[in-house]
Amino acid sequence: MKIDYLIIGQGISGSFLSYYLNKKGKSFIIIDNNKPNSASKVASGLINPITGRRYVKTWMIETIMPFAVGAYKFLETELNVDLIKKKTIVDFFTTPQMKTAFEDRLANDTSYISKEIDTFKFTPNINFAFDAGTILPSYIVDINSFLDSYKQKLHQNNQIIETNFEESLLSFGTNCIFYKDIKASKIIFCDGITSANNKWFKNLPFSFNKGEALLIKNDSLDINFVYKQGISILPIGNNNFWVGSSYQWNFEDDAPSDAFYNKTILQLQNMLTSNFLVENHLAAIRPANIERRPFVGLHPIEKNVGIFNGMGAKGCSLAPYFAHEFANNLVDKKPLNPLVDVARFTKILSQEIN
Ligand SMILES: Cc1cc2nc3c(=O)[nH]c(=O)nc-3n(C[C@H](O)[C@H](O)[C@H](O)COP(=O)(O)OP(=O)(O)OC[C@H]3O[C@@H](n4cnc5c(N)ncnc54)[C@H](O)[C@@H]3O)c2cc1C
């Protein structure tokens with residue numbers, strides 16, 4: 001079988017890259033091993049324009065958020081499934097210092113944040129001591145619906161093989177790669193944390209972190225809001241809420257932990273006035289890196305091998321925009337943003353490959 005691109009991984013990254021390559025008339029096959037707790041399957045799907053204790057604007061948000069929203073809306077029509085909903089984040093300050101940081105930011109820059117909200121309407125459901133502000137617009141993407149419905153389409157077109165990719169079976173010809181009965185011009189790794197063991201890209205500065213979440217049921221919370229108070233509570237449909245998350249840089253495995261469970265239950269009991277039922281506990285490892293910028297592009301020495309990875313905690317918004325940019329680069333030779341181009345690591349990637 002002869003194709004243009006062999007893509008490893010059907011998380012958010014591999015899905016969007018294949019989507020835009022297809023739009024450019026290129027053929028591809030995805031190989032995915034269906035890891036039950038990949039980062040994409042566990043993510044809450046939030047696109048949040050403001051992050052951190054200092055209420056900093058997310059990198060390139062003015063460009064990336066509208067692009068992502070447009071991409072998911074377009075996919076809603078193409079895949080005939082609901083994928084994205086606009087929400088307001090209500091940030092209940094955990095300390096007086098957080099309130100001051102929010103108000104300082106608001107005094108200098110009003111984009112994406114506001115205090116024009118009647119906080120009293122939340123008092124029947126939420127306990128809070130230090131006022132609240134809002135972040136808007138934000139969006140929740142139903143990533144699992146996207147991955148599932150896109151996979152169905154891939155199956156209809158014979159564009160996915162659900163199996164494990166084995167690096168030892170990959171070989172190279174002149175300007176092409178061979179994998180089993182597949183001959184492709186290029187192989188692109190979109191395999192999340194697995195890329196850190198990959199012969200070509202293992203030297204990239206990956207810095208993974210583990211995140212956990214509880215899925216709860218609650219009949220009292222208004223589903224038009226995302227609630228933040230140390231943890232975030234996101235409405236995901238049918239009175240179900242995603243609650244999380246943690247950023248653990250030291251971890252032994254990717255399994256749900258008792259420590260997270262116990263801490264989060266306490267936080268929920270303090271925050272909510274109503275009862276909730278825990279329905280699931282999830283954990284996954286984010287394919288993050290030290291620079292907090294994606295890894296995009298072809299290997300500087302092995303030009304038939306590429307990577308689309310390093311989405312960290314923001315794959316839902318970064319992947320659509322940079323997949324589009326990478327497809328333009330691969331097909332039309334348009335330059336990549338140097339801040340995401342793996343060419344910035346040419347020196348370390350040129351070290352001996354073995
Ligand atoms: C708890 C948590 C909460 C998060 N919340 C958000 C959020 O609200 N918003 C946001 O934007 N981001 C969030 N993220 C981050 C987001 O999940 C990631 O940025 C994104 O999912 C990365 O997608 P990916 O496709 O690059 O990698 P992955 O999702 O890891 O996908 C890799 C794919 O490759 C496959 N694969 C791996 N190895 C092989 C192999 N050898 N053979 C075949 N297939 C293989 C896997 O099965 C998987 O399908 C969160 C992450 C976590 C853990």
Side-chain angles (χ1 to χ4, degrees), residues 6-18 29-49 51 58-59 61 64-65 68 72 84 87 89 138-144 146-148 150-151 154 160-170 179 187-198 206 208-215 226 228 231-232 234 236 242-248 251 254 256-257 260 264 281-289 292 294-296 307-323:
L6 177 62
I7 293 173
I8 311 305
Q10 195 239 324
I12 309 175
S13 299
S15 297
F16 271 105
L17 183 61
S18 66
I29 298 258
I30 298 185
I31 295 180
D32 185 88
N33 65 6
N34 220 344
K35 187 176 192 275
N37 69 332
S38 69
S40 300
K41 286 178 188 151
V42 170
S44 62
L46 184 66
I47 300 178
N48 179 359
T51 43
T58 303
W59 180 61
I61 196 66
I64 280 169
M65 187 160 73
Y72 290 111
I84 184 158
K87 301 283 170 187
I89 300 173
S138 72
Y139 296 86
I140 298 181
V141 181
D142 186 342
I143 289 296
N144 283 295
F146 166 52
L147 296 178
D148 291 346
Y150 188 64
K151 186 191 282 188
L154 293 172
I160 187 163
I161 304 170
E162 292 194 57
T163 186
N164 198 47
F165 168 81
E166 288 168 50
E167 198 177 287
S168 59
L169 302 180
L170 184 68
Y179 185 76
I187 180 167
I188 313 285
F189 288 97
C190 307
D191 50 353
I193 57 167
T194 314
S195 277
N197 304 321
N198 172 303
F206 286 105
F208 299 149
N209 67 70
K210 176 175 169 181
E212 298 186 49
L214 298 183
L215 301 186
V226 170
K228 245 185 113 186
I231 47 167
S232 299
L234 293 86
I236 52 170
W242 185 106
V243 183
S245 179
S246 56
Y247 292 85
Q248 305 160 43
F251 51 88
D254 63 358
S257 71
F260 175 85
T264 308
H281 180 182
L282 311 169
I285 299 173
R286 298 179 183 89
N289 64 78
R292 299 193 190 178
F295 296 147
V296 185
I307 188 164
F308 187 58
N309 204 325
M311 300 298 151
K314 302 206 182 299
C316 300
S317 51
L318 293 172
Y321 181 81
F322 286 109

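Remember, it's 1-based here, ligands and their atoms both numbered in the order they're listed.
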With respect to [X], determine whether any N or O atom, backbone or side chain, lies less than 3.5 Å from an N or O atom of ligand 1.
| X | value |
| --- | --- |
| Cys316 | yes |
| Ser245 | no |
| Asn309 | no |
| Ser44 | yes |
| Trp242 | no |
| Ala313 | yes |
| Asn33 | yes |
| Ala284 | no |
| Gly315 | yes |
| Gly211 | no |

**Request:** Take the angle between the ring planes of Tyr72 and Phe146 and call it parallel below 30°, perpendicular above 60°, tilted in between.
**Result:** perpendicular
**Request:** Answer yes or no for Thr163: is there a heavy-atom contact with ligand 1 below 4.0 Å?
**Result:** yes
**Request:** Check if Gly45 has a non-hydrogen atom at a distance under 4.0 Å from any atom of ligand 1.
**Result:** yes
**Asked** What part of Cys190 sits under 4.0 Å from ligand 1 if we count only heavy atoms: the side chain, the backbone, both or neither?
**Response** backbone
**Complete:** At under 4.0 Å between heavy atoms, what of Asn34 touches ligand 1? The answer is backbone
Within the structure provided, determine whether [X] and [Y] are in side-chain contact (heavy-atom separation under 4.5 Å).
| X | Y | value |
| --- | --- | --- |
| Lys87 | Leu234 | no |
| Trp59 | Leu318 | yes |
| Trp242 | Leu215 | yes |

**Ligand-residue contact atoms, ligand 1 with Lys35, heavy atoms, under 4.0 Å** = 47 (O)
**Message:** Suppose I only count heavy atoms of Phe165 and a 4.0 Å limit; which atoms of ligand 1 are within that range?
**Reply:** 40 (C), 41 (N), 42 (N), 43 (C)
**Asked** What pair of heavy atoms forms the shortest contact from Tyr150 to Ser18, and how long is it?
**Response** OH-OG, 2.7 Å
**Item:** Minimum heavy-atom distance Leu147-Ser40, with the two atoms named
**Value:** CD1-CB, 3.8 Å
**Message:** Within the 3.5 Å criterion, strictly below it, is a donor on Asn34 or Lys41 matched to an acceptor on the partner's side chain?
**Reply:** yes
**Prompt:** Do Gln248 and Glu212 have a side chain donor and acceptor closer than 3.5 Å?
**Reply:** yes
**Item:** Spacing of CD1 belonging to Ile193 relative to CG belonging to Asn309, to within rounding of 0.5 Å
**Value:** 10.0 Å
Tell me which one of [options] gets a heavy atom nearest to [atom].
| atom | options | result |
| --- | --- | --- |
| atom 37 (C) of ligand 1 | Leu282, Thr194, Asn209, Ile7 | Thr194 |
| atom 27 (O) of ligand 1 | Ser195, Ala68, Ala288, Gly192 | Gly192 |
| atom 15 (C) of ligand 1 | Ser138, Ser40, Gly312, Ser15 | Gly312 |

**Request:** Output, in order, the C-alpha distance, side-chain angles, deciding distance and verdict of ring-ring contact (aromatic ring centres under 6.0 Å, His included) for Phe251 and Phe208.
**Result:** CA-CA 10 Å; Phe251 51 88; Phe208 299 149; 7.9 Å; no
**Prompt:** Within the distance-only criterion (no hydrogens, no angle test), does the side chain of Thr163 pair as donor or acceptor with the backbone N or O of Ile31 below 3.5 angstrom?
**Reply:** no
